[in-house]
Amino acid sequence: MRHLPRAVGRSLCPAAVAGLLVLSPRPAAAADDDAPKGPAVTVLKVAKSCFSDIVEATGTIVAREQTSVRPERPGLKVTEVLAEAGDTTTAGQVLARLALPEGGSLQVTAPVAGVIATSTAQIGNFASPKGEALFTIVARSEYDLVGLVATTDVRKLAVNQQASVWIAGADDIGGKVRRIGATVEPNIQQGMVYIGISSQKRLLLNASGRALIKTGQSCNVAVPLTAVQYSSAGTVVQVIRRNRVETKRVEVGLMSGGNIEVRDGLNEGDVVVARAGALLREGDPVRPVMASAEAAK
């Protein structure tokens, strides 16, 4: 019977075998330590986005320039009405015909192109230069939304800034800032802005309207509003690093579509908790589950 070499026999002594048994599980235990633990948490990667700085103005619709149409002679009687309120007119268009006292007729024409805002012309009624206007025309179909804005927002306004205007009883209309008031209404501490709009359709004068004025744009990283917490410590976002929660203070800016701009405190590619909450605390282990920004809203 062959005997093992003494060196080999020594390597298989009970103490050495026991040592191998103790050491062998350690790599598996290290792998277990690296495995995610704790509750599953929906997360997303921070990405860049651009936000528009919007100022809101609310007010009423007025005619920028309104022209009254009357006959030049007194004692004329309306015999024919060819236009009515809401019609679009061209300069020189015949609006009505009037009978002269001595016989014959006189045509009343539109002095400017535009939209007829009001009309009192009725067959059989009398008209004169000093009486009630037969027609009033919004010259060149140009209107203004005379709106009020917060005093803090007045400094953001500038002539020719684009605006989207919503008017009761009409479709959305594009407009531009035409003029900015030089004073503030003392009782309500709001400034005035004139937003020019053009419409070939009749807009109801004095109708209420609202405008969203784009005053600028800012591009930074963004997160859903649900990812931000407001506390006595400031504005914070929960970031996931090595499967643990880290609380980061951030400086936020503009908001749009359920997202908020982060001007400082986060970098593109950071992984944040999509719906931050008080149940997660600094250092807590979690099992991150990646989701898109749309799914996190």
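Note that the numbering runs from 1 along the sequence shown for the chain.
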Does [X] [atom1] have over 12 foreign heavy atoms under 6.0 Å away?
{"X": "Gln122", "atom1": "CD", "answer": "no"}
{"X": "Lys156", "atom1": "NZ", "answer": "yes"}
{"X": "Gln93", "atom1": "CD", "answer": "yes"}
{"X": "Arg155", "atom1": "CZ", "answer": "no"}
{"X": "Ile188", "atom1": "CD1", "answer": "yes"}

Between [X] and [Y], is there a side-chain N and carboxylate O pair less than 4.0 Å apart?
{"X": "Asp144", "Y": "Arg178", "value": "yes"}
{"X": "Lys248", "Y": "Glu246", "value": "no"}
{"X": "Glu72", "Y": "Lys130", "value": "no"}

Query raised in the report: What pair of heavy atoms forms the shortest contact from Ala222 to Phe51, and how long is it?
Result: CB-CZ, 3.5 Å

Report task. Locate the shortest heavy-atom distance separating Pro186 from Gln189; write the atom from each residue and the value. Result -> O-NE2, 3.3 Å

Requested in this report: Check the pair Val289 / Val41 against side chain to side chain contact (heavy atoms under 4.5 Å, CB included), numbers first and verdict last.
Outcome: CA-CA 6 Å; Val289 179; Val41 174; over 6 Å; no

Query raised in the report: Heavy atoms, side chains only, cut-off 4.5 Å: are Ile195 and Val165 in contact?
Result: yes

Report summary line: Rounding to 0.5 Å, atoms CG (Leu254) and SG (Cys50) come to a distance of 10.5 Å

Query - Rounded distance [0.5 Å steps], NZ in Lys176 versus OG in Ser198 - result: 10.0 Å

**Report entry** Evaluation steps, side chain to side chain donor-acceptor pair (under 3.5 Å), between Ser119 and Glu84
**Finding:** CA-CA 6 Å; Ser119 172; Glu84 58 185 17; over 6 Å; no

